[in-house]
Amino acid sequence: MMRARESEGLQPMNGQQKPAQQAKQLDREIRAKAKILREGWTELGALLARMKERHLWQYLPGKKYKSFEEYATAALGKAISRSRGCELVAAYMLTEGENPIPAQEVRQMGIKRAVEVARLRPEQRSPEIREMATTEPVLVVRNRVQAVLNRELPEDEKKPMLKLLSLNL
């Protein structure tokens with residue numbers, strides 16, 4: 001732990017620091033890393049999207065990947081699942097093309113809500129839905145997006161809205 005902290009440029013924690021000092025120091029470090037993660041996921045999504053759109057993963061020397069998903073799993077490691085790589089691409093794609101959404105707004109949505117909004121066609125991404133995606137829980141956003149998608153489907157193809165299930169113990 002000590003070496004890892006020193007190699008990352010973090011202050012080593014020792015037993016001589018009071019718990020309140022240790023808590024403050026760790027809180028600062030955690031908040032700094034969280035900020036980097038929040039700001040970095042749209043950039044990571046952009047890089048992944050470029051690799052996917054141009055099929056550049058097929059031209060990497062060494063290992064031959066059968067699919068973009070296989071490449072993303074290898075590149076991102078086990079810490080980030082294959083589905084998370086696809087979610088990053090979908091969220092980033094909101095910032096591109098017709099009716100783009102600013103990257104800052106997509107970051108405010110978070111990955112899961114941005115993925116739900118990405119299910120809509122660009123002209124369906126109304127200001128109300130975009131606002132909801134930055135403030136409401138994922139389930140609410142998912143249901144609203146599904147309601148918009150259901151409007152254009154025949155009755156027998158409409159998907160039901162989800163409800164939050166809770167267990168009474």
Side-chain angles (χ1 to χ4, degrees), residues 8 28-166:
E8 293 176 10
R28 280 193 303 273
E29 293 172 18
I30 289 168
R31 290 177 188 276
K33 294 288 183 185
K35 182 179 181 187
I36 291 168
L37 287 174
R38 275 193 311 272
E39 294 172 354
W41 70 261
T42 51
E43 294 167 14
L44 177 58
L47 296 171
L48 287 168
R50 194 173 332 144
M51 180 70 86
K52 182 179 181 180
E53 287 172 349
R54 298 176 186 170
H55 299 275
L56 295 175
W57 52 270
Q58 296 173 338
Y59 301 100
L60 289 169
K63 183 169 175 24
K64 296 294 180 194
Y65 298 102
K66 296 175 186 166
S67 66
F68 171 75
E69 289 75 16
E70 183 182 343
Y71 161 74
T73 301
L76 299 174
K78 295 188 188 264
I80 298 178
S81 68
R82 179 175 58 177
S83 61
R84 179 56 61 133
C86 294
E87 289 173 346
L88 289 169
V89 171
Y92 167 74
M93 294 308 290
L94 289 173
T95 66
E96 297 289 310
E98 183 184 333
N99 196 15
I101 299 174
Q104 177 62 28
E105 187 177 334
V106 173
R107 277 194 293 276
Q108 287 175 334
M109 289 179 189
I111 296 170
K112 293 291 185 184
R113 292 180 291 201
V115 167
E116 291 300 327
V117 174
R119 294 172 53 209
L120 297 171
R121 291 191 316 272
E123 64 273 8
Q124 293 174 316
R125 298 177 195 147
S126 67
E128 298 82 35
I129 288 179
R130 289 171 51 179
E131 175 64 29
M132 175 192 295
T134 61
T135 59
E136 296 294 330
V138 175
L139 186 62
V140 172
V141 175
R142 189 222 174 270
N143 283 339
R144 179 65 191 271
V145 166
Q146 192 58 54
V148 171
L149 294 172
N150 280 345
R151 286 185 207 144
E152 298 179 4
L153 294 174
E155 200 61 42
D156 61 331
E157 292 181 25
K158 291 183 179 182
K159 293 183 181 175
M161 302 297 122
L162 295 179
K163 294 181 182 174
L164 182 61
L165 301 176
S166 63

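Side chains are part of it too, since the values below use all heavy atoms of this structure and drop only hydrogens, waters and symmetry mates.
- Side-chain contact between Leu48 and Tyr92 is absent, with no heavy-atom pair separated by less than 4.5 Å.
- Counting heavy atoms from C-beta on, the side chains of Glu98 and Glu123 come closer than 4.5 Å.
- With contacts defined as side-chain heavy-atom distances shorter than 4.5 Å, the pair Arg119/Gln146 qualifies.
- Of all heavy-atom pairs between Ala91 and Ala114, the closest is CB-CB, 3.8 Å.
- You'll find the side chain of Glu105 stays beyond 4.5 Å of the side chain of Val117, heavy atoms only.
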Inset, instruction - List the steps and the verdict of side-chain contact (heavy atoms from CB on, under 4.5 Å) for Arg121 and Glu152. - result: CA-CA 12 Å; Arg121 291 191 316 272; Glu152 298 179 4; 2.9 Å; yes

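- The side chain to side chain contact (heavy atoms under 4.5 Å, CB included) with Gln124 is formed by just one residue from the set Ile129, Val145, Leu149; it is Leu149.
- One finds the OG1 atom of Thr73 at 8.0 Å from the CD atom of Glu69 (value rounded to the nearest 0.5 Å).
- Contact annotation: the side chain of Pro102 never approaches that of Gln108 to less than 4.5 Å [non-hydrogen atoms, C-beta and beyond].
- Between the CZ atom of Arg113 and the CZ atom of Arg144 there is a distance of 15.5 Å, given to the nearest 0.5 Å.
- The minimum heavy-atom distance linking Val115 with Ala90 is given by the pair CG2-CB, 4.4 Å.
- Rounding to the nearest 0.5 Å gives a distance of 9.5 Å between CG of Leu60 and CD of Gln58.
- Remark: side-chain polar atoms of Glu70 are paired, donor with acceptor, to backbone N or O of Lys66 under 3.5 angstrom.
- Put simply, the side chain of Val141 does not reach to within 4.5 Å of the side chain of Met109, judged on heavy atoms.
- To the nearest 0.5 Å, atom CD of residue Glu87 and atom NZ of residue Lys112 are 3.5 Å apart.
- One distance of note links OH of Tyr65 with OH of Tyr71; it measures 7.0 Å at 0.5 Å rounding.
- At a threshold of 4.5 Å between non-hydrogen side-chain atoms, the residues Met132 and Glu116 do not count as touching.
- To the nearest 0.5 Å, atoms CZ (Arg130) and CD1 (Ile101) are separated by 4.5 Å.
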